[in-house]
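This structure is in structure tokens; I'll ask about it shortly.
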Amino acid sequence: MDITAWVFIWQATSQFWLDRHSIVIKESKMRKLSKCDVRFVPLDAKTRKIVEKERQE
């Protein structure tokens with residue numbers, strides 16, 4: 001019983017301390033992505049390239 005309890009405690013500790021770094025990095029990337037500007041551009045259906053369009057300013 002003691003060994004089982006130790007394994008569960010070790011797993012929780014491992015996830016919190018060791019895996020936390022990768023979770024923080026992933027969260028940082030997601031925050032940056034959520035603040036990005038998104039632009040939709042038309043694609044040519046045949047060539048799958050961006051269709052250049054004159055800007056109307």
Side-chain angles (χ1 to χ4, degrees):
M1 191 64 132
D2 289 339
I3 295 173
T4 304
W6 183 84
V7 169
F8 283 118
I9 291 170
W10 178 256
Q11 179 64 25
T13 304
S14 169
Q15 285 181 341
F16 182 75
W17 291 106
L18 302 178
D19 297 340
R20 186 169 181 249
H21 181 70
S22 64
I23 292 170
V24 168
I25 290 173
K26 187 182 283 187
E27 181 183 5
S28 173
K29 287 179 183 179
M30 293 299 166
R31 284 185 193 275
K32 288 178 184 177
L33 280 173
S34 71
K35 294 177 183 178
C36 288
D37 291 333
V38 177
R39 290 182 283 165
F40 294 94
V41 294
L43 292 178
D44 185 331
K46 249 185 187 173
T47 61
R48 307 284 292 171
K49 292 185 180 180
I50 296 174
V51 176
E52 292 296 325
K53 212 172 158 183
E54 290 184 25
R55 286 189 172 179
Q56 296 176 359
E57 295 181 26

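Positions are given from 1 along the sequence.
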Notebook entry, point to check: Looking at CG of Asp19 and OG1 of Thr13, how far apart are the two atoms once the value is rounded to the nearest 0.5 Å?
Noted result: 11.5 Å

Next item on the list: To the nearest 0.5 Å, tell me how far Ile23 CD1 sits from Met30 CE.
Entry: 12.5 Å

Note to self: Test your reading of the model: is there a side-chain donor-acceptor pair from Ser14 to the backbone of Trp10, 3.5 Å cut-off?
What the structure shows: no

Notebook entry, point to check: Is it true that atom CZ of Phe8 has more than 12 heavy atoms of other residues, nucleotides or ligands lying nearer than 6.0 Å?
Noted result: no

Margin query: Would you say that more than 12 heavy atoms from the other residues, nucleotides or ligands in this model lie under 6.0 Å from the CD1 of Ile50, or not?
Written below: no

Check: Should the heavy atoms of other residues, nucleotides or ligands under 6.0 Å from CD1 of Ile3 be counted, would the total exceed 12?
Finding: no

